[in-house]
Amino acid sequence: VPVTWPEWVAGEIASLRSAQQWRAIRTLAGRGPRFRLPDGRQVVSFASNDYLGLSRHPEVVSAAARAASEWGTGAASSRLIVGARPYHDELEASVADWLGEPAAVVLPTGYMANLAVLTTFGAGARVVSDELNHASIIDGARLARTEVTVYRHGDVEHAAALVRSAPGRVLVVTDSVFSMDGDLAPVAALSEMCARHGALLVLDDAHAVLGRPTPAPGTTCVRVGTLSKTLGALGGYVTGPADFVALLVNRARSFIFTTAPSPMDMAAATAAIGVCRSPEGMRLRARLADHVELLRPGHPTPIIPVVIGAEADALAAADRLLEVGILVPAIRPPTVPPGTSRLRVALSADHRVEEVRALAAALGELADVLPVTA
Ligand SMILES: Cc1ncc(COP(=O)(O)O)c(C=O)c1O
């Protein structure tokens with residue numbers, strides 16, 4: 001029986017709802033981690049990736065405002081047409097200098113930076129990808145229209161077997177900090193393996209706020225980062241050998257066929273890098289590390305998963321926290337594998353110690369009533 005478009009849409013919505021996978025956008029009024037919900041309730045949010053609170057740092061905010069008055073609000077064109085401006089060059093120079101990389105290029109989002117890397121270097125190569133890599137890596141690999149093989153999470157031996165069985169060029173790609181589990185990729189071992197086999201290593205450092213891993217000497221490595229989390233702005237970047245970055249500028253459709261990033265975001269991110277490199281940046285990271293230590297001693301990153309299992313249980317857990325004024329998102333498939341729905345806590349230097357203590361207490365109470373496994 002032919003189905004009309006409205007019928008098809010209604011059916012899709014019904015199936016998402018019955019699988020407990022329906023999502024609705026929640027508008028939060030406020031700045032930093034303290035918000036008011038639409039119903040007026042005051043909450044402390046542990047949902048944001050503004051790890052150092054730089055999105056509202058006075059120097060970052062005023063740099064963005066100055067950039068808007070000096071350059072206007074948009075670049076209005078692709079960089080390769082007439083969209084390139086000095087503020088893009090300034091940011092790229094800051095990123096490369098800060099990270100000790102030979103070259104950097106900025107894109108409108110981190111998502112697009114991953115598409116750019118995977119399509120430029122993955123085309124015609126075998127892509128070897130960790131099973132828990134971010135959606136933007138998965139989408140980039142699909143767009144590269146090449147052979148993609150997936151290795152078990154963090155399993156270097158499995159990755160090596162896939163690399164060895166490839167006939168030609170190989171690209172190995174991994175999040176360096178996994179966005180939904182907050183664990184670290186085995187970068188030292190992976191990079192040694194890549195160097196041994198002449199494979200290109202691609203690292204996604206989007207969440208590497210507390211440290212960026214160093215690959216083994218002799219590894220050819222291209223890295224992706226974002227301006228949107230630690231740096232409090234919007235945009236993504238790719239760093240690596242100058243020729244690799246230059247090829248990407250010429251090939252990557254997510255760089256070529258889109259408008260260049262805005263003056264405000266470039267200036268904000270440049271100022272945020274300045275803060276990160278200053279003693280204040282060190283203090284903010286130390287404060288964030290202390291928060292992590294308080295909530296889960298020994299955990300390496302500010303992303304702390306509380307794995308629950310079923311979608312409905314994860315949603316119930318999030319609702320219980322909200323009753324005591326704590327906002328932690330329930331993360332469900334397809335963002336995480338089926339059966340691993342969870343609460344994803346993201347800590348920030350912007351949180352107060354009492355807020356982290358209150359969260360720890362509330363999570364402790366949850367563990368008494370729900371099948372919390374981590
Ligand atoms: C691991 C990872 N890579 C890339 C991105 C995309 O970055 P952006 O938000 O700047 O598009 C994200 C999150 O959004 C991420 O978690």
Side-chain angles (χ1 to χ4, degrees), residues 23 25 46-52 54-55 60 88 91-92 95 99 104-119 122 127 129-143 150 153-154 171-185 187 190 201-213 221-240 248 252-255 258-262 264-266 268-270 272-273 300-305 329 331-332 334-337 342 344-348:
R23 303 158 190 229
I25 296 172
F46 291 90
S48 147
N49 299 314
D50 191 5
Y51 294 119
L52 301 181
L54 296 185
S55 75
V60 175
H88 298 118
L91 173 71
E92 288 167 353
V95 167
L99 301 176
V105 62
V106 67
L107 291 98
T109 63
Y111 184 99
M112 292 165 85
N114 269 327
L115 296 191
V117 168
L118 271 298
T119 53
V127 172
S129 179
D130 188 288
E131 67 180 327
L132 295 188
N133 276 342
H134 189 256
S136 54
I137 293 176
I138 297 169
D139 293 354
R142 286 180 182 151
L143 262 185
V150 174
H153 179 50
L171 182 162
V172 176
V173 58
T174 183
D175 287 13
S176 59
V177 171
F178 286 88
S179 56
M180 294 299 139
D181 292 78
D183 58 337
L184 303 178
V187 170
L190 262 184
L201 178 64
V202 173
L203 295 176
D204 177 345
D205 298 316
H207 297 275
V209 54
L210 290 178
R212 194 167 164 270
C221 188
V222 167
R223 306 181 80 139
V224 171
T226 176
L227 310 179
S228 325
K229 304 183 195 296
T230 304
L231 299 177
L234 179 65
Y237 56 83
V238 178
T239 62
L248 182 144
R253 296 167 68 85
S254 64
F255 176 83
T258 191
T259 299
S262 81
M264 293 86 74
D265 285 308
M266 300 300 93
T270 305
I273 290 172
T301 74
I303 300 169
I304 300 182
I331 308 287
R332 294 162 281 158
T335 310
V336 293
R342 66 196 64 188
R344 175 187 185 269
V345 173
L347 293 170
S348 165

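Start at 1 and go down the list; that is how both ligands and their atoms are numbered. Only a predicted model underlies this, so the values are computations on that prediction, with no experimental measurement involved. Throughout, residue positions are numbered sequentially from 1 according to the sequence presented.
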In this structure, CG of Leu227 is separated from OG of Ser55 (nearest 0.5 Å) by 13.5 Å
Rounded to the nearest 0.5 Å, the CG atom of Asp204 sits from the CG atom of Asn114 at a distance of 4.5 Å
Does a side-chain heavy-atom distance below 4.5 Å link Asp175 with Asp130?
no
| said: For a quick check under 3.5 Å, do Asp183 and His153 share a side-chain donor-acceptor pair by atom type? | reply: yes
Worksheet item: Any side-chain donor-acceptor pair under 3.5 Å between His207 and Tyr51?
Response: yes
What verdict does the side chain to side chain contact (heavy atoms under 4.5 Å, CB included) test give for Leu203 and Cys221, after you've listed the backbone C-alpha separation in whole Å, the side-chain angles of each residue and the deciding distance to 0.1 Å? CA-CA 7 Å; Leu203 295 176; Cys221 188; 4.0 Å; yes
Residues with a heavy atom under 4.0 Å from ligand 1, by chain and number, are Thr109, Gly110, Tyr111, Asn114, His134, Ser136, Asp175, Ser179, Asp204, Ala206, His207, Thr226, Ser228, Lys229, Gly235
